[in-house]
Amino acid sequence: MRRTVFNEDHEAFRETLRAFIEAEVVPVYDEWFAAGQAPRDFYYKLGELGVFGISVPEEFGGAGLDTHKFEAVLYEETSRAGVQFGGSGVHVLLALPYIKMLADDEQKKRYLPKFVTGEEMWAIAMTEPGTGSDLAGMKTTARLSEDGTHYVLNGAKTFITGGVHADKVIVCARTAAPTAEDRRHGISLFAVDTKSEGYSVGRKLDKLGLRTSDTAELAFVDVKVPVEDLLGEENKGFYYLGHNLASERWGIAFGAYAQAKAAVRFAKQYVQERTVFGKPVAHFQNTKFELAACQAEVDAAEAVADRALEALDAGELTPAEAASAKLFCTEVAHRVIDRCLQLHGGYGYMNEYPIARLYADNRVNRIYGGTSEIMKTIIAKDMGL
């Protein structure tokens, strides 16, 4: 079936991005992997390439393109090469939608030009040690000072991707207590400068996968946040978080599909080159059947991911549809990558092979952005169950 989701502009971007990855990422990726993060100056290169400004309005230095299709190309090309762009995905996929939706004109003038160039990298801090998917249970607080000039932020966050290199972090905190009728009431969002006194980065967490993205614990002790850095209105943070979950879950779905597609590519190449019993592994019927089954699953996931992409760009992707796409694509990727690793035999367990890294990277897709169990709950509710 002919794919119709991308046009000539997207394919031109693909060619540029593929050349960039081959020249700037592949030769040094093993060093990033060993270090557990991409170097900070790499993000300036992404800024120069224009990756951060695709959907940022032109008046702030971006290209002003209201589409997620270039992000989709990025997912496909990084997966194809078996690499990650550090924690930069959070910068664009998670943080930018909140800036565009909530920041007023004055805030956009302060935030977006440096966002586009990579001079200021952004992350978002939702999860706390005791909350996980239950964001309404967060304990971090932000109390307005007596003179009304700033908020005083106290608390802790964990699993914050991009947290080590971040210059600004969108922090979710309680500005009011929950009500008996609504546990979600009282959460607000703040753009916090990581150089603020009382702000500290704890451990850089040792993850199973996504080794080149810096993921950290954050702590806030009487951090002063100017009222000018409140994003949107007080106490409406939970609504804002819910508003952007569809795009976040689409990103995870599309990324998972792209990983599954890459896994088939890696496995196909390996079985054609690897010889056992005097024959290429690709010669055996089981190998052919396994890869054929994987390809069929990837084709289905591609169709689901593309359909969700078109709906997202049209502003029509519903929470249930996003949950369905995430659930399906991440489960497909889990099965496909596992089977493709099996075709590598013992070498599939070695980190020098991209399939091993892909296996580890993929596992979190069924956890973050809402677990698979949460996705099923959303879908069932939409079904009237």
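For reference, positions follow the sequence shown, starting with 1. A quick note: this is a predicted structure, and the numbers were derived from the prediction, not measured.
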Heavy-atom closest contact (Leu218 atom, Gly163 atom, distance): CD2-O, 4.1 Å
Non-hydrogen atoms of Thr149 and Asp147 that approach each other most closely: OG1-OD1, 2.9 Å
Side-chain heavy-atom pair Phe284, Val276 within 4.5 angstrom cut-off: yes
Connected via hydrophobic side-chain network under 4.5 Å: Phe159 and Val192: no
Salt-bridge criterion met for Glu76 and Arg18 (N-O under 4.0 Å): no
Approximate separation, where rounding is to 0.5 Å, of Leu358 CG and Leu341 CG: 9.5 Å
NZ/NE/NH1/NH2 to OD/OE distance under 4.0 Å, Arg211 and Asp206: yes
Residues Arg3 and Glu11 bridged, charged N to O under 4.0 Å: no
Considering all heavy atoms, the nearest Ala166-Thr194 contact: O-OG1, 3.0 Å
Inter-residue atom distance Asp214.CG - Leu205.CG, 0.5 Å rounding: 10.5 Å
Test: Glu217 and Lys157 ion pair at under 4.0 Å: no
Heavy-atom pair of closest approach, residues Asn7 and Asp9: OD1-N, 2.9 Å
Any donor-acceptor N or O pair under 3.5 Å, side chains Glu128, Thr140: yes
Side chain to side chain, Leu230 and Ser188, heavy atoms closer than 4.5 Å: yes
Sub-6.0 Å ring centroid separation between Tyr43 and Phe85: no
Gln272, CD: over 12 other non-hydrogen atoms inside 6.0 angstrom: yes
Gln107 (side chain) donor-acceptor with Asp104 (main chain) under 3.5 angstrom: yes
In one Ile/Leu/Val/Met/Phe/Trp/Tyr side-chain cluster, 4.5 Å: Leu317, Val92: yes
Donor-acceptor pair, side chain of Ser145 and main chain of His150, under 3.5 angstrom: yes
Pairwise salt bridge (charged side-chain N to carboxylate O under 4.0 Å, His left out) hits with a residue in residues 265-290, at least two apart: Glu290-Arg339
Geometric class of the Phe254/Tyr257 ring pair [parallel <30°, tilted 30-60°, perpendicular >60°]: perpendicular
Close side-chain approach of Thr78 and Ile21, heavy atoms under 4.5 Å: yes
Pair Thr212, Gln37: side-chain N/O donor-acceptor within cut-off below 3.5 Å: no
Parallel, tilted or perpendicular: ring planes of Phe6 versus His10, cut at 30 and 60 degrees: perpendicular
Within one Ile-Leu-Val-Met-Phe-Trp-Tyr cluster: Met121 and Tyr199, side-chain cutoff 4.5 Å: no
Over-ring placement of Arg40 relative to Tyr44, 6.0 Å and 45° cut-offs: yes
Any His283 side-chain heavy atom under 4.5 Å of Thr287 side chain: no
Other residues, nucleotides, ligands: >12 heavy atoms within 6.0 Å of Tyr359 OH: no
Side-chain heavy-atom pair Leu17, Leu49 within 4.5 angstrom cut-off: yes
CD (Gln285) with more than 12 external heavy atoms under 6.0 Å: no
Salt bridge (charged side-chain N to carboxylate O under 4.0 Å, His left out) partners of residues 221-241, not counting sequence neighbours, each pair once: Arg110-Asp229, Glu233-Lys236
Spatial distance of atom OG (Ser88) from atom NZ (Lys45) [nearest 0.5 Å]: 13.5 Å
Shortest non-hydrogen separation from Cys340 to Cys294 and the atoms involved: SG-SG, 4.2 Å
Check: Leu65 and Phe70 side chains under 4.5 Å, non-hydrogen atoms: yes
Test: Asp30 and Arg357 ion pair at under 4.0 Å: yes
Residue of the set His334, Glu331, Gln259 for which side-chain hydrogen bond (donor to acceptor under 3.5 Å, both in side chains) holds with Asn365: Gln259
Beyond-backbone contact of Lys100 with Ser55, side-chain heavy atoms, under 4.5 angstrom: yes
With Arg143 via salt bridge (charged side-chain N to carboxylate O under 4.0 Å, His left out) - residues at least two apart: none
Phe115/His91 aromatic ring centres below 6.0 Å: yes
Nearest heavy-atom neighbours spanning Ala142 and Phe190: CB-CE1, 3.5 Å
Heavy-atom side-chain proximity of Arg249 to Ile378 below 4.5 angstrom: yes
Hydrophobic cluster membership, Leu231 vs Phe238, 4.5 Å side-chain cutoff: yes
Residues which pass side chain to side chain contact (heavy atoms under 4.5 Å, CB included) with Ala260, listed by chain and number, not counting sequence neighbours: Val298, Ala333, Val336
Thr67 side chain to Asp313 side chain, donor-acceptor N/O pair below 3.5 angstrom: yes
Test item: side-chain donor near acceptor, Asn235 and Thr175, under 3.5 Å: yes
Lys381 atom NZ: more than 12 heavy-atom contacts under 6.0 Å: no
Backbone of Met375 reached by a side-chain donor or acceptor of Lys326 within 3.5 Å: no
Check: Lys168 main-chain N/O paired with Asp193 side-chain donor or acceptor under 3.5 Å: no
Partner set under salt bridge (charged side-chain N to carboxylate O under 4.0 Å, His left out) for Asp105, not counting sequence neighbours: none
OG1 on Thr377 to CG on Leu327, rounded to 0.5 Å: 10.5 Å
Polar side-chain atom of Thr179 near backbone of Asp182 as donor-acceptor pair, under 3.5 Å: yes
Same apolar cluster: Val90 and Val83, side chain cutoff 4.5 Å: yes
Ile99 side, atom CD1; Ile170 side, atom CD1 - distance, nearest 0.5 Å: 5.0 Å
Main-chain N/O of Thr318 paired with Glu321 side-chain donor or acceptor, under 3.5 Å: yes
Expected output: side-chain Thr371 to main-chain Ile367 donor-acceptor under 3.5 Å: no
Nearest-0.5 Å distance, CD of residue Glu77 to CD of residue Glu22: 9.5 Å
More than 12 heavy atoms from other groups under 6.0 Å of CG on Asp66: no
CZ (Arg307) with more than 12 external heavy atoms under 6.0 Å: no
Side chain to side chain contact (heavy atoms under 4.5 Å, CB included) against Leu241, all qualifying residues, sequence neighbours excluded: Tyr98, Met126, Leu135, Cys172, Leu189
